[in-house]
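Values in this document were obtained by computation on a predicted structure and should not be read as measured data.
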2 protein chains.
Amino acid sequence: MTVRGAVPAVIWARPERTGRGPKPAYTRDDIAAAAVRIADAQGLDAVSMRHVAAELGCGTMSLYNYVPRKEDLYELMVDAVSAEHELWEPNGDWRADMLRVAHQTRALMHRHPWVPRLMSPVYGFSPHALRYLEHCLACLDPLQAAYGTKLELVAMLNGVVTTYVRNELDTAERVRALPWSEDEENAVRIAYLAGQIASGAYPRMAAAFTEDAGPVDLEAVFERALDRVLDAFTPRGPGG
Amino acid sequence: MTVRGAVPAVIWARPERTGRGPKPAYTRDDIAAAAVRIADAQGLDAVSMRHVAAELGCGTMSLYNYVPRKEDLYELMVDAVSAEHELWEPNGDWRADMLRVAHQTRALMHRHPWVPRLMSPVYGFSPHALRYLEHCLACLDPLQAAYGTKLELVAMLNGVVTTYVRNELDTAERVRALPWSEDEENAVRIAYLAGQIASGAYPRMAAAFTEDAGPVDLEAVFERALDRVLDAFTPRGPGG
DNA sequence: GCGCACTACGTACGTCGTACGTAACTACGA
DNA sequence: TCGTAGTTACGTACGACGTACGTAGTGCGC
């Protein structure tokens, strides 16, 4: 009986190769790399089983020998880019280390703008994600706190980074698919917003927009957000 | 010349009704409500132009008279449920008010589990979203801070709530579409995770899991996360 | 009251995920 | 040593999807 039917399985628990039959032509890494190449170049929506198979140079249905469902392909992709996380020897300053982690994560998401959309707690236990998580915990060794708290810190920091970068990027990803330009889109949206604010129904929003007349420094906003998260987990010294 | 071709436009800037032609059979609210009904009952993936049209009782292509692109349908849906936000008179305690906002948002997302997946900064300026934002700013009147800071607070709180609830719910939404049961899925994932941890490659993860032997109180985790975010924006008193 | 802008909607195209059947191939049990 | 079971490879096909386009009917503004 072959495993044709749907069987509950984590892709990582499936052996990549069993004894019998012809040698597989590709590895899981080949497949993940092909999918990542497509997503980077043409966006996540271009990642279809057909495209990935074509990129690999095999028939569409051959892919299903390696990846039982498309969902699993996504899981492979996230794990593949998770391997790009540089893991260093923690230097004793957990705040500095976590800031470095956050910036690295953001850089990774800029290289692979589709990552925020695929981020899911379910993918949190792929091999490279486990290595990453272990590294974060190692960085947090100097912090006096229970592991439960440390995991909450990592989750919150990751969440904030992901949310922030998603807000940075998914408009861009969205705009790429539109038949008109980003400027046109923005112009229409801003005009609408200005009209709404000018209606007087939202006095505080109006005040907020006149206060911040200039362009917002998104870089600084991100930095402040990170600091705030880390502040929230920094034990108060006894002297206040 | 009719507006058949793609024109950059925010759906809210399009008049719902112009003078000419037969009366439209449905309002935007009708359409949003139908889509929300389907998403609530059958999940977001069941929201197709065909299904929504069928739910309304009209032909598929008639929908396009009201909603130029599916993306706009999503925007209508998010705005429709944003109307469920209860807006009260702020009582002077901004922390209590923001906690109430956060809990209300979470409750809303539990009623409509697909909302976290659709949350996007782009939808942040729909009519009901603007009302909601203005209400948050009103709640924050007692807080001594620039509007820029207040907007960062609201963004961060919303982000954390969304991330948290998404982690709560999208597994469930995902599982609904699978041909096997949630228990089977979880059993396989946990078995794999246990195997990985038992390998000894992740000593801190192992310690974390033995430390938190019992089931995690997700409710308490959420509450702590909210407190931490608000702490990060609470001005330090002069005396420490 | 003519004409235009609108509503309504059927048809059709290109895409998607993937179930299924078939042929070739290889390692293991006899 | 040799079937044979479990693979790999992949073509075909089905039922979805978003939506471009054509056509017919409707009612307000000139």
Side-chain angles (χ1 to χ4, degrees), chain A residues 1-7 9 11 14-28 30-31 35 38-39 42-77 174 177-180, chain B residues 1-7 9 11 14-28 30-31 35 38-39 42-77 174 177-180:
Chain A
M1 198 52 148
T2 155
V3 200
R4 261 292 172 69
V7 159
I11 180 97
R14 280 170 64 115
E16 187 161 357
R17 170 106 180 84
T18 62
R20 294 273 238 278
K23 263 192 243 173
Y26 313 101
T27 67
R28 246 171 224 170
D30 293 336
I31 294 169
I38 294 175
Q42 298 162 251
L44 185 59
D45 293 337
V47 175
S48 69
M49 298 301 271
R50 282 170 236 260
H51 279 163
V52 174
E55 173 83 14
L56 282 169
C58 71
T60 304
M61 294 315 289
S62 308
L63 249 194
Y64 282 90
N65 289 320
Y66 303 87
V67 177
R69 299 167 304 125
K70 196 191 179 187
E71 191 71 19
D72 293 311
L73 180 60
Y74 288 150
E75 205 155 339
L76 288 186
M77 292 171 69
R174 221 179 68 96
L178 293 184
W180 51 79
Chain B
M1 198 51 147
T2 155
V3 201
R4 261 294 171 70
V7 159
I11 180 96
R14 280 170 65 114
E16 189 162 356
R17 171 103 178 86
T18 63
R20 295 273 238 279
K23 263 192 243 171
Y26 313 101
T27 67
R28 246 172 224 170
D30 293 336
I31 293 168
I38 293 175
Q42 298 162 253
L44 185 58
D45 293 337
V47 176
S48 68
M49 298 301 271
R50 282 170 236 260
H51 279 165
V52 173
E55 173 83 15
L56 282 170
C58 69
T60 303
M61 294 314 290
S62 307
L63 249 193
Y64 282 89
N65 288 321
Y66 303 88
V67 176
R69 298 169 304 125
K70 196 191 179 187
E71 191 70 19
D72 293 311
L73 180 60
Y74 287 149
E75 206 156 337
L76 287 186
M77 291 172 69
R174 218 180 70 96
L178 293 182
W180 51 79

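Note that the CD1 atom of I31(B) and the CG atom of N65(B) stand 9.0 Å from one another [nearest 0.5 Å].
Between the C1' atom of dG15(D) and the CE atom of M49(B) lies a distance of 19 Å, rounded to the nearest Å. Between R69(A) atom CZ and dA19(C) atom P there is a gap of 10 Å when expressed in whole angstrom units. The distance between atom CG of L63(A) and atom P of dA9(D), rounded to the nearest whole Å, is 10 Å. Rounding to whole angstrom units, OH of residue Y26(A) and P of dT7(D) are separated by 20 Å. In this structure, Q42(A) places its CD atom 13 Å from P of dT15(C), rounding to the nearest Å. Note: NE2 (H51(A)) to C1' (dC16(C)) measures 10 Å, nearest angstrom. Rounded to an integer number of Å, the gap from N65(B) CG to dG25(D) C1' is 13 Å. Atom-to-atom, CG of L44(A) to C1' of dT15(C) comes out at 16 Å; the value is rounded to the nearest Å.
Position along DNA chain D of the nearest nucleotide to Y66(A) versus M61(B) favours Y66(A) as the more 5'-ward residue. When each of V47(B) and K23(B) is assigned the nucleotide of DNA chain D with its nearest heavy atom, V47(B) is the one assigned upstream, toward the 5' end. Residue P22(B) is the one, among P22(B) and G57(B), whose nearest nucleotide of DNA chain C lies closer to the 5' end (criterion: closest heavy atom).
Counting heavy atoms from C-beta on, the side chains of R28(B) and R14(B) come closer than 4.5 Å. At least one side-chain heavy atom of V47(A) sits less than 4.5 Å from a side-chain heavy atom of M77(A).
R50(B) has a side-chain polar atom (N or O) that falls below the 4.0 Å cut-off from OP1 or OP2 of dC17(D). One finds no side-chain N or O of Y64(B) lying less than 4.0 angstrom from the OP1 or OP2 phosphate oxygen of dG18(D). Between S62(A) and the phosphate of dC10(D), there is a side-chain N or O to OP1/OP2 separation shorter than 4.0 Å.
Comparing dC16(C), dG18(D), dA8(C) by their closest approach to the side chain of S48(B) singles out dG18(D).
In this structure a side-chain-to-backbone donor-acceptor pair under 3.5 Å is present from Y66(A) to Y26(A). Between the side chain of E75(A) and the main chain of I11(A), no donor-acceptor pair closer than 3.5 Å is present.
Residue contacts for A53(A): at a heavy-atom cut-off of 4.0 Å it reaches no nucleic acid atom on any strand shown.
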